[in-house]
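Below, chains carry the letters A, B, ... as their sequence lines are ordered, and counting in each starts from 1. All values reported here derive from a predicted model rather than from experimental measurement.
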Number of protein chains: 2
Amino acid sequence: MARLAEVSTATVSRVLSGGKPVSPEVADRVRVAAQDVGYRPNPAAQTLLRGSSRTVGVVVPDLGNPYFAEILKGVASEAAATEHHTLVAGTDEDPEQEYRSAIELARWVDGLLLCAPRMSTPRLREVAEAARRLVLINRVLRHSAVGSVVVDYHLGVRALCEHLASLGHKRIAYLQGPTAAWSDQQRQRGFRSPEASGLTIFRVPCGSTLVDGQAAVDEALTYKPTAMICFNDHVAVGVLSRLRELGLSVPGDISVAGIDNAPMSAHTDPGLTTYAVSTIELGRQAWERFTPRVTTATTHLQGELVIRSSTAPPPHRPHR
Amino acid sequence: MARLAEVSTATVSRVLSGGKPVSPEVADRVRVAAQDVGYRPNPAAQTLLRGSSRTVGVVVPDLGNPYFAEILKGVASEAAATEHHTLVAGTDEDPEQEYRSAIELARWVDGLLLCAPRMSTPRLREVAEAARRLVLINRVLRHSAVGSVVVDYHLGVRALCEHLASLGHKRIAYLQGPTAAWSDQQRQRGFRSPEASGLTIFRVPCGSTLVDGQAAVDEALTYKPTAMICFNDHVAVGVLSRLRELGLSVPGDISVAGIDNAPMSAHTDPGLTTYAVSTIELGRQAWERFTPRVTTATTHLQGELVIRSSTAPPPHRPHR
DNA sequence: CTGAAAGCGCTAACAG
DNA sequence: CTGTTAGCGCTTTCAG
């Protein structure tokens, strides 16, 4: 290709990278030749030289989960806008894999976006050392050069509690997220707010998926709650489905609320009351934390209460 | 690090890559030193030398779409199992971006997995030339070294037609997918099957999302169909939601069927009759097409009819 | 403005 | 078994 245009490789490089002093005539010749041969520089060589791959890494517990899929979408789209690539890894909700994937990707990428709800703090710190730049989702770490974007889930739970209390509910079942997940603890903080003080909260082990929700309903019902707050909307959809099977009506017999406002939540029957957070915004914010000018501090994202028809005053007599 | 263990860089490389003749004593010393310093080889340098990045690229129209998210999950997980990384790009359903992303990633990766329903065949051919290895999802291209994994959607439509016909339906609205999408044409092939011969099909422009489905319902109803077949389950969920708003009961007044069997489809009310295809399997199959031993030919994936409660015999009198 | 040459970090080939 | 050396493809000095 350098041969084709009869110039040195250095000149080709100058033309293609742009903004270098090259005579217009030569520049054109090079561009034509490049087009002809379909020449594109080898990115590995560029990376080696520059010390930057123009790539960000995204590590999440489950790539199939729409919540993370949307975050990924937000990041990838921002990244693409500045000629960056996006490397991904799913970790199957396994702390060991969270660590391995993060460490592995860290070597490749300019910046790492990590959602690792279960990784231990020391290991997280190791990752922070290994990565050029690290941004955490829904988790914080005291460490220079580590930024965080966290959703203030305790405010969400608080808002849901206030909403349910104002409807007259007293006994609330909380379907917990994955054990030891940082963001579940955030949610639980909401139950210690003044808005929740008149409520009795029954904690039920659950998880983060539709199937988890479905499975946890029966245990939750043993507490005779008049409302359920679910770890997220997926769980809530599973709950609605199981309640329907049991012949209980929502919100007639029992109210159900989710968290996150998943796309489907506006279309369930009944429509799901939830705490809406914008995952696209989350992705965008996370991306911004990679740019040098932005502080490494923690960004707090607030959501808003979305009241649909899955919540209503409790029945006068408890069901059954 | 080589200094720390008092050996040459070549020896370090031999130890770390494994399977090379090194005395156990030295090997241990190197491993300890590497551990100490936290040394990890520079992947860009390795890539440059090897000519392979151990990376696959995945290009899909919408990273936020659960359908593609699951395919991505399947591929990423298979890739990780063999120490490969996964690079992604979403293309916002834009043919131009489909092309640019594909060409761009092709330079980086060992293999490219491409779902580009709208890209023109000549451009697709260009991508095939640029990529070391190319696998297409739901699309075929006559070209050596290009494999495909396609879902036989015409069989799905055929099965749905047979199912609806056997229930006594005659007037069916089909809510079309994105214009010019290859996989929509596949579906439409199903309407030319014998099973559909007794049916009158009304084609309604729609799209691939929940919101598209919601919006297309009113036009579809002008044909007074007794059943609707939707491009995919997302559309169907949007349809269910709009029909509910209109006060029409499913399946009492009208039957609705989807395609794909999205995770949520078992949990809608009523449960959605659909044609189930395994996206995980799709991802896995796609991955297998990257391994040299596997032929580049097209793999056909079949789904199966899943009958839930959104389909039933038509009402005796048409609604309204 | 352009070419020659060094070197990014690594591993394969070649000596020893 | 181990060290030395060349070179992967590019960009960036440094000369001219």
* Asked: To the nearest angstrom, how far is B/Leu49 atom CG from D/dA6 atom C1'?
  -> 11 Å
* **B/Arg118 with B/Glu93: basic N within carboxylate O range, under 4.0 Å** => yes
* Structure fact -> Contacts of A/Ser17 and B/Val26 projected onto DNA chain D by closest heavy atom; the upstream (5') one is B/Val26
* With B/Thr55 as reference, evaluate B/Thr47, B/Leu105, B/Val109 under the side chain to side chain contact (heavy atoms under 4.5 Å, CB included) test and give the passing residue. => B/Val109
* Please state whether the phosphate of C/dT2, meaning OP1 or OP2, lies under 4.0 angstrom from any side-chain nitrogen or oxygen of A/Ser23. => yes
* **N/O donor-acceptor pair, side chain A/Arg14 with base C/dG3, under 3.5 angstrom** => yes
* Structure fact -> Whole-Å distance, A/Arg107 CZ to C/dC10 P, equals 7 Å
* Nucleotide nearest B/Leu48 when distance is taken to its side chain, options D/dC8, D/dT11, D/dT2 -> D/dC8
* Structure fact -> From CZ of A/Arg50 across to P of D/dT13 the rounded distance in Å is 14 Å
* **Inter-residue atom distance B/Leu87.CG - B/Ser53.OG, 0.5 Å rounding** => 8.0 Å
* Using 4.0 Å as the upper bound for N to carboxylate O, is an ion pair formed by A/Arg40 and B/Glu104? -> yes
* Asked: Does the B/Arg54 side chain pair with the main chain of B/Thr82, one donor and one acceptor, at a distance under 3.5 Å?
  -> yes
* Structure fact -> Rounded to whole Å, CZ of A/Arg40 lies from P of D/dC10 at a distance of 12 Å
* So which nucleotide from D/dC10, C/dG9, C/dT11 ends up closest to the side chain of B/Gln46? -> C/dT11
* Asked: Roughly, in whole Å, what's the span from CH2 in B/Trp108 to P in D/dG9?
  -> 15 Å
* To do: Hey, which sits more toward the 5' end of DNA chain C by its nearest nucleotide, A/Ala10 or A/Pro24?
  => A/Pro24
* Asked: For the pair made of OH in A/Tyr39 and P in D/dG9, what is the distance, rounded to whole Å?
  -> 10 Å
* Grab the CD-P distance between A/Glu25 and C/dC1 for me, whole Å please. => 13 Å
* Distance check: side-chain N/O of B/Thr11 vs OP1/OP2 of D/dC1, anything under 4.0 Å? -> no
